[in-house]
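In what follows, a single structure is set out as structure tokens and then discussed.
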Protein chains: 2
Amino acid sequence: MATETTVEKLANDLAEAILAGVFPPGSKLDENQLAQRYEVSRTPVREALRQLATTGLIEFRPRRSAIVSTVTPAQLEELFIAMGEIEATCARLAAISMAPTERRRLQMVHERMGQAELQNDPSAFAEDNHLLHAMIYSGAHNAVLKDMAISLRRRLSPFRRAQFHLEGRPPRSFREHDAVVSAITRGDAAAAHAAMLHHVMLIEQSYEDLCATQTLRLPVNETN
Amino acid sequence: MATETTVEKLANDLAEAILAGVFPPGSKLDENQLAQRYEVSRTPVREALRQLATTGLIEFRPRRSAIVSTVTPAQLEELFIAMGEIEATCARLAAISMAPTERRRLQMVHERMGQAELQNDPSAFAEDNHLLHAMIYSGAHNAVLKDMAISLRRRLSPFRRAQFHLEGRPPRSFREHDAVVSAITRGDAAAAHAAMLHHVMLIEQSYEDLCATQTLRLPVNETN
DNA sequence: GACACAATTATTGTATGCAATATTTCTCTT
DNA sequence: AAGAGAAATATTGCATACAATAATTGTGTC
């Protein structure tokens, strides 16, 4: 048994399961069932649920089962906008306060991402994409904003995953990153902010496009 | 007993007590003591503590007592910067998307605040100050950013309280607000952002000044 | 047959109990 | 006397038990 406590592990596992779609939005989280499933008692289950409730992943209504938070399209858009703003803020601060080493490493990862795209290696591309954004959060040198960004990114991960499958996204993503990275490395705060805002806005847009094509396809699939 | 559950009430009471300084930073939060103090069992106490831990107000170390989070000066500065950035973002979005009614009401509260300052009514001034900022959060029309701003403001409240006692702050605060409100009402997003950033930065500065004078005064008081 | 109300069941909320770990205190050695 | 180690104590972590409330099912009446 590691240094990790049962509740900690439960909270992580549950969050992962929810984000992976094991417990779909709106579904009830029965404490007894969860206790059986994870082979623990209800006490740690409840503590984990409370923790997840404060992060917004689930809703804890008194005297009723906790349910996985349902996000309406309107709420989803607010989440995307908030994430865009936070990321843009981090990019702006990064442009101001990144150390020379950090700027060089950022540039390096960005270029490696370009290689991954040319070699058509989506897994390496996705990994470096994540790393690049994480480096920008860190580069802001502000743990509070960094945590916010990570939390939002995590919460939006189910909606961002599909994005990579969309036609033409990786090369476009690379070009958008280029504007961000270039602005940060040359210390242009305003440009970094604007470029990142633009980038995340386009991600949201591509998600919406994906939704649109899917709602058109769904009825077709039903007839099969 | 209202619709409110014990844990909910406990979490609120505890948070208020911590922010009020009843439990100073670094102090241990003994579960049994808290259970006795609030006349409940340890179970709801633990759930409340976990909830507070995820908000960052306390730290929950495994197998050790939870402690009230200690904020180093460096962390405090990060909190202030994060709050400035979030508030500035809200101001920018508010300048873009506030409805005409909201803009008028904002202007109204701002002017009333000026009256309160002239009439030397610090309580009315403080209340409207809070309202003004809250209106800007709401005016961004983004619940996620609004929650972040409220959460940060709450967390910084112990450090902001003293600020009003500082010489010359209210009139200066009014002038700073004027720049923000004017930019928002005329829809100048960039100016709203810049003005709010400037305003919160000055708040932080005045807090630091206060700290400086207090550290100078403290030894003097000890000799009395 | 459908709706309403009541009894039953199930599930959450809180309390208590036990086991495991951390902290404290006491003793022994150097 | 000071430090190290061990026993004792205290406190956390988790499980179980009971109480209170919501959900469900069944029965009776219209």
Side-chain angles (χ1 to χ4, degrees), chain A residues 1-19 21-71, chain B residues 1-19 21-71:
Chain A
M1 205 162 299
T3 168
E4 205 170 32
T5 178
T6 306
V7 176
E8 196 83 18
K9 215 171 86 68
L10 252 181
N12 287 336
D13 288 0
L14 266 175
E16 205 172 326
I18 290 171
L19 292 173
V22 177
F23 304 101
S27 62
K28 289 205 277 192
L29 296 167
D30 186 283
E31 295 175 4
N32 285 311
Q33 283 179 23
L34 291 176
Q36 281 194 351
R37 185 189 181 108
Y38 291 99
E39 294 179 321
V40 292
S41 85
R42 272 183 55 224
T43 310
V45 170
R46 278 181 64 84
E47 290 187 17
L49 288 179
R50 266 216 193 268
Q51 199 170 315
L52 295 180
T54 58
T55 72
L57 201 61
I58 71 174
E59 283 173 44
F60 211 98
R61 281 136 78 205
R63 301 283 174 189
R64 261 190 195 64
S65 290
I67 57 170
V68 178
S69 293
T70 59
V71 280
Chain B
M1 205 162 298
T3 169
E4 205 170 30
T5 179
T6 306
V7 176
E8 196 83 17
K9 216 171 84 68
L10 252 182
N12 287 335
D13 288 1
L14 265 174
E16 205 171 327
I18 290 171
L19 292 173
V22 176
F23 303 102
S27 62
K28 289 206 278 192
L29 296 167
D30 185 282
E31 295 175 4
N32 285 310
Q33 282 179 24
L34 291 176
Q36 281 194 349
R37 183 189 182 107
Y38 290 99
E39 294 178 323
V40 292
S41 85
R42 272 181 54 221
T43 310
V45 170
R46 277 182 66 85
E47 290 188 16
L49 288 180
R50 248 193 216 284
Q51 199 168 317
L52 295 180
T54 59
T55 71
L57 201 62
I58 72 174
E59 282 172 46
F60 211 97
R61 282 132 83 206
R63 301 281 175 191
R64 263 192 194 64
S65 290
I67 58 169
V68 179
S69 292
T70 58
V71 278

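The sequence lines fix the lettering, A, B, ..., with proteins before strands; numbering per chain opens at 1.
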Can a side chain N or O of B:Thr6 be found less than 4.0 Å away from OP1 or OP2 on C:dG13? no

Within residues 30-42 of chain B, find the residues that approach DNA chain D with a heavy atom at under 4.0 Å, and present them sorted by residue number. B:Asp30, B:Glu31, B:Asn32, B:Arg42

What is the distance from CZ of A:Arg64 to P of D:dT21, rounded to the nearest Å? 14 Å

Evaluate the side-chain proximity of B:Val45 to B:Leu10: yes if any heavy-atom separation is below 4.5 Å, no if none is. yes

Measuring from A:Glu59:CD to A:Ser65:OG, what's the distance to the nearest 0.5 Å? 13.0 Å

Can you find a pair of side-chain heavy atoms, one from B:Phe60 and one from B:Leu52, that are under 4.5 Å apart? no

Rounding to a whole Å, what distance do you find between A:Lys28:NZ and C:dT11:C1'? 9 Å

Rounded to whole Å, the CD-P distance (B:Glu47 to C:dG13) equals 8 Å

Axis deviation across the helix from C:dG1-D:dC30 to C:dT30-D:dA1, five-pair ends, to the nearest 10°: 0°

Ignoring backbone atoms, test whether A:Ser65 places a side-chain nitrogen or oxygen under 4.0 Å from the OP1 or OP2 oxygen of C:dT12. yes

Atom CG of A:Leu29 and atom P of C:dT11: how far apart are they, to the nearest Å? 14 Å

Note, B:Phe23 side chain near B:Leu34 side chain (heavy atom, < 4.5 Å): yes

When we call it a touch if two heavy atoms are under 4.0 Å apart, what does A:Arg46 touch: a base, just sugar-phosphate, or nothing? base

Please report, rounded to the nearest Å, how far the P atom of D:dC14 is from the NZ atom of A:Lys9. 11 Å

The single option from A:Gln51, A:Arg46, A:Arg50 passing side chain to side chain contact (heavy atoms under 4.5 Å, CB included) against A:Val7: A:Gln51

B:Ile67 vs B:Leu29 side-chain heavy atoms within contact, under 4.5 Å: no

Taking B:Ser69 for its side chain and B:Gly56 for its backbone only, find out whether a donor-acceptor pair lies under 3.5 Å. yes

Could you pull out all residues at least two apart from A:Arg63 that satisfy salt bridge (charged side-chain N to carboxylate O under 4.0 Å, His left out)? none

Can you tell me how far P of D:dT12 sits from CZ of B:Arg61, to the nearest Å? 12 Å

Would you indicate whether the side-chain heavy atoms of B:Leu14 and B:Tyr38 approach each other to under 4.5 Å? yes

Would you kindly give the CD1-to-C1' distance between B:Ile67 and D:dT12, to the nearest whole Å? 15 Å

Rounded interatomic separation in angstrom, taking CD from B:Glu8 and C1' from C:dG13: 13 Å

Picking from C:dG13, C:dT14, D:dC14, the nucleotide nearest the side-chain atoms of B:Thr43 would be C:dT14

